[in-house]
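Working notes, beginning with the structure itself.
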Number of protein chains: 2
Amino acid sequence: MPKQVDYEERRLRIAEAVCALIARSGMEAVSLRDVAAEANVSMGAVQRCFRTKEDMLLFALEHISRRVSERAGRRIAEASAHQAASTLLSHTLAELALLDEESRTQAHVWTAFATRATASQKLATVLHDTYTKLHDLVAWLIRYGQDTREIPGHLDPDHEARSLLALADGLTVQVLAGHHGPAVARAVLQRHIDRLLGSASGAH
Amino acid sequence: MPKQVDYEERRLRIAEAVCALIARSGMEAVSLRDVAAEANVSMGAVQRCFRTKEDMLLFALEHISRRVSERAGRRIAEASAHQAASTLLSHTLAELALLDEESRTQAHVWTAFATRATASQKLATVLHDTYTKLHDLVAWLIRYGQDTREIPGHLDPDHEARSLLALADGLTVQVLAGHHGPAVARAVLQRHIDRLLGSASGAH
DNA sequence: GCTTTTTCGATGCGATCGCATCACATCGTG
DNA sequence: CACGATGTGATGCGATCGCATCGAAAAAGC
């Protein structure tokens, strides 16, 4: 057999390059040539890994989705035993809102795909699956908080999860647009959660 | 003088065509030729009205921004005397979230620009100005609700406005992505406002 | 060690892009 | 009424796009 390369590793490397380019100059600035240059591979290699450009973008989206949900899942798996459900919830949501400076790239990519997904069925499917996964995770967290009596039991976990995820998404976009900094976004999120926890007394 | 045309009318018509194209197939599918065809003018006319493509997009964004904020402002101007502050607030937010079926186009365009603005300073400026305007409007509504004793006075109007706008933005994106329908989004928004109104008693 | 097979990376191609150019139509004016 | 200025719309141009093609390099089998 001829020269063998690790295809999976190369695909990941290309996906990273795609994300870097999207974060730097937007999704419409992503061309096969630029991707190849960014990933330090030849253009032919890119075409070998992905049949079409759309396949490449789809893989990049799946890559990012996996990264985001895995990161959130890992945080929960690590910390669920030692932390209160409320702090776990707030940390997880802050992470899902991609507010960390090192998550800025992922936030860029995420919103870019979310926008484009309105015109591409395949992207929409991937995005929808990820969203469902995150929804279930947050809803589970809320139920967990209800079990530990931190969150009032009369609240509907699914509804609150939808609300929290929508808030997180909105904050992500607004922080990216520069409407306010990550600190403000974190404060808004925390406030929302505080009101969730003490649904019978407004925090001041 | 030779044949005179109404430039402003033509610019608006082209802007509408741009928005229609964005809503139909996304922002990267907008070319000068397609815009000209959609607006039923020649390509030369488009180039006469706008020096570059970026100018054209910028004008379209300003057009949409104006439409959105004017619509919200008009609703308030019309109804502020006859309605409770709470219903006014909820209707205004629902409108800002662009949940109506006929606002779907504007929602598409809005998110497309919001995404692209992360890579274009000029677009970001327009977006930021509009956001500030909407924030002031919502904060004013909250203060108004506090005056009428419908909203607890200890809440910070600016903070609550940020939270509401972020929620509205997130819901806009999620509805566009098909994660849930406008009815669910409206319910989430209403629930948030209800909790705002009765900050001392959780809604059931 | 030569052949064969398979992968790699560079180049070519048709299409389309944004923008510039130009002949023509149109209307006020000397 | 003829002239000239001005706006119009079609066409040209260079660049770049995604994708297909092809020669060269590399490793397994005899």
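All chains are named by letter (A, B, ...) in the order of the sequence lines, taking the proteins before the strands, and each is independently numbered beginning at 1.
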*Indicate, with a heavy-atom threshold strictly under 4.0 Å, whether B/Val35 touches base, sugar-phosphate, or nothing.*
nothing

*For A/Val46, report the nucleic acid contact type (base, sugar-phosphate, nothing); a contact means any heavy atom under 4.0 Å.*
nothing

*Which word best sums up how the rings of A/His192 and B/His192 line up, parallel for under 30°, tilted for 30 to 60°, or perpendicular for over 60°?*
parallel

_Geometric class of the A/His128/A/Tyr131 ring pair [parallel <30°, tilted 30-60°, perpendicular >60°]_ = tilted

_Salt bridge or not between A/Asp100 and A/Arg71? Use side-chain N to carboxylate O under 4.0 Å._
yes

*Flag side-chain contact, heavy atom, 4.5 Å: B/Leu137 against B/Thr92*: yes

Spacing of [X] atom [atom1] relative to [N] atom [atom2], expressed in whole Å:
X: A/Ile14; N: C/dC8; atom1: CD1; atom2: C1'; result: 13 Å
X: A/Asp34; N: D/dG18; atom1: CG; atom2: C1'; result: 13 Å
X: B/Leu32; N: D/dT11; atom1: CG; atom2: P; result: 17 Å
X: B/Met43; N: C/dC19; atom1: CE; atom2: P; result: 9 Å
X: A/Arg33; N: C/dG12; atom1: CZ; atom2: P; result: 12 Å

*Close residues, residues 47-57 of chain A, relative to DNA chain D [heavy-atom separation under 4.0 Å]*: A/Gln47, A/Thr52, A/Lys53

_When you measure from the side-chain N and O atoms of B/Ser31 to the phosphate of C/dC17, is any distance below 4.0 Å, counting only OP1 and OP2?_
yes

*Between C/dG9, D/dA10, C/dG12, spot the one nearest the side chain of A/Ser42, thanks.*
C/dG9

*Can you spot which of A/Arg67, A/Arg10, A/Arg11 makes a salt bridge (Lys or Arg N to Asp or Glu O under 4.0 Å) with A/Glu16?*
A/Arg67

*So, for A/Phe113 and A/Leu57, which heavy atoms are closest and what is the spacing to 0.1 Å?*
CZ-O, 3.3 Å

